[in-house]
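Taking it in order: structure first as structure tokens, then the write-up.
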Amino acid sequence: MSEAITLIQQVFESLERHYGYYQWWPCDDHYEIMLGAILVQNTNWRNAEQALLNLGKPLDPKLIASLSLEELAQAIRSSGYYNQKAKRLKALTEWFAGFEYRIDALRAMEQAELRKQLLAINGIGGETADVILVYAVGKPSFVIDAYARRIFERVGLDVPKSYEAFRGLVEQAITPDTQRYAHYHGLMVDHGQQFCNPTPKCDACPLNRLCALGRTNTCK
DNA sequence: ATCCAGGCTGAGG
DNA sequence: CCTCAGCATGGA
């Protein structure tokens with residue numbers, strides 16, 4: 001068992017002990033989660049959520065398909081990058097139409113193949129694909145994000161540069177389990193927002209002990 | 001006013 | 001393979 005694997009496990013165990021379990025993604029509609037994954041790209045959830053609300057509830061993929069690019073862009077204005085995101089929502093929805101908007105059809109696919117197809121959609125990169133896999137489809141693919149990078153760098157892990165390498169390492173440390181992966185990504189974000197912003201707040205950080213325990217405490 | 005948030009793409013080294 | 005400008009709003 002390598003040092004890195006052990007450290008990763010210790011971090012998640014600490015966070016889990018400190019914060020406990022809770023449902024993190026704030027909705028359970030599969031399609032809405034998919035759109036939310038795109039709308040929240042490099043944007044805070046408040047702004048993304050307002051965009052979702054503007055698209056109406058219940059969210060209907062056929063409605064999105066019927067809107068013009070301009071109409072869609074205006075509706076999601078609050079999420080930022082609205083011109084790009086409008087195209088991305090369209091691309092994702094067109095792809096989903098190929099499955100008759102049935103989430104079951106996605107669940108029936110092999111995970112690696114589904115992930116590959118998601119990555120082929122314009123506007124869906126590693127993190128967005130994994131969010132869709134875990135929260136919308138229910139496949140155990142670990143979501144890596146900016147907070148995961150910061151948190152692990154600050155406890156002294158030699159974080160792999162590429163998204164795929166980092167994800168591979170974490171998945172090696174944490175046995176694949178959809179509920180657990182969903183929970184752990186939420187912990188990364190929520191903990192990160194409190195303590196691991198660009199300017200860290202190390203006082204009262206539940207990972208203090210690990211940082212001190214870890215070789216290089218780079219939390220500055 | 002400046003900084004940043006639950007990234008991705010395409011162009012260029 | 002890698003880096004990086006560009007994309008844009010709203011809240012602190």
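We name chains A, B, ... by the order of the sequence lines, and we start the count at 1 in each one.
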- What nucleotide among dA5(B), dG7(B), dA8(C) has an atom nearest to a side-chain atom of Y81(A)? dA8(C)
- Does N83(A) place a side-chain N or O at less than 4.0 Å from the phosphate oxygens OP1/OP2 of dA8(C)? yes
- Query: What integer distance in Å separates Q193(A):CD from dG11(C):P?
  - Reply: 15 Å
- Query: Would you find a donor on one side and an acceptor on the other, under 3.5 Å apart, between the side chain of R149(A) and the backbone of P160(A)?
  - Reply: yes
- Query: For the pair made of NZ in K87(A) and C1' in dG10(B), what is the distance, rounded to whole Å?
  - Reply: 12 Å
- Could you state the atom-to-atom distance from CZ of R149(A) to P of dG7(B) in whole Å? 11 Å
- Message: I need the CZ-P distance between R167(A) and dG7(B), as an integer number of Å.
- Response: 17 Å
- Message: Applying a strict under-4.5 Å side-chain criterion to I, L, V, M, F, W and Y, I'd like to know whether L35(A) and L53(A) cluster together.
- Response: no
- Message: So, OP1 or OP2 of dC3(B): does either fall under 4.0 Å of a side-chain N or O from N197(A)?
- Response: no
- Query: Under 3.5 Å, is there a donor-acceptor pair between the side chain of Q9(A) and the main chain of A173(A)?
  - Reply: yes
- Flag for T93(A)-Y31(A): side-chain donor and acceptor within less than 3.5 Å: yes
- Note on the structure: On DNA chain B, more 5' by nearest nucleotide between W45(A) and N122(A) is W45(A)
- Write down the distance separating the P atoms in dG10(B) and dA8(C), rounded off to the nearest Å. 14 Å
- Query: With sugar-phosphate meaning primed atoms plus P, OP1 and OP2, does G186(A) contact a base, only sugar-phosphate, or nothing at under 4.0 Å between heavy atoms?
  - Reply: nothing
- Report the distance from atom CG of L39(A) to atom C1' of dC8(B), rounded to the nearest whole Å. 14 Å
- Message: For a quick check under 3.5 Å, do Y184(A) and R180(A) share a side-chain donor-acceptor pair by atom type?
- Response: yes
- Item | Spacing between E164(A) atom CD and dC1(C) atom P, to the nearest angstrom | 11 Å
- Query: Transitively linked via ILVMFWY side-chain contacts under 4.5 Å: L89(A) with Y81(A)?
  - Reply: no
- Message: OP1 or OP2 of dG7(B) versus the side-chain N and O atoms of N42(A): is any pair under 4.0 Å?
- Response: yes
- Query: With sugar-phosphate meaning primed atoms plus P, OP1 and OP2, does I124(A) contact a base, only sugar-phosphate, or nothing at under 4.0 Å between heavy atoms?
  - Reply: sugar-phosphate
- Return the nearest nucleotide to the side chain of A146(A); candidates are dT3(C), dG7(B), dC4(B). dG7(B)
- Message: Rounding to an integer number of Å, can you tell me how far D130(A) CG sits from dC8(B) C1'?
- Response: 14 Å
- Counting only side-chain N and O atoms of R150(A), is one of them less than 4.0 Å from OP1 or OP2 of dA5(B)? yes
- Taking N and O atoms by type only, does the side chain of Q84(A) place a donor or acceptor under 3.5 Å from a partner on the base of dC7(C)? yes
- Note on the structure: Sorted by position of nearest nucleotide on DNA chain B, 5' first, the leading residue of L119(A) and Y147(A) is Y147(A)
- Message: Which nucleotide wins on minimum distance to the side chain of T128(A), given the candidates dC8(B), dC7(C), dG10(B)?
- Response: dC8(B)
- Which part of the nucleic acid, if any, lies within reach of I76(A) when heavy atoms closer than 4.0 Å are counted: base, sugar-phosphate only, or nothing? nothing
- Message: Between Y82(A) and dT9(C), is there a contact of a side-chain N or O with OP1 or OP2 at under 4.0 Å?
- Response: yes
- To the nearest Å, give me how far apart NZ (K85(A)) and P (dA8(C)) are. 9 Å
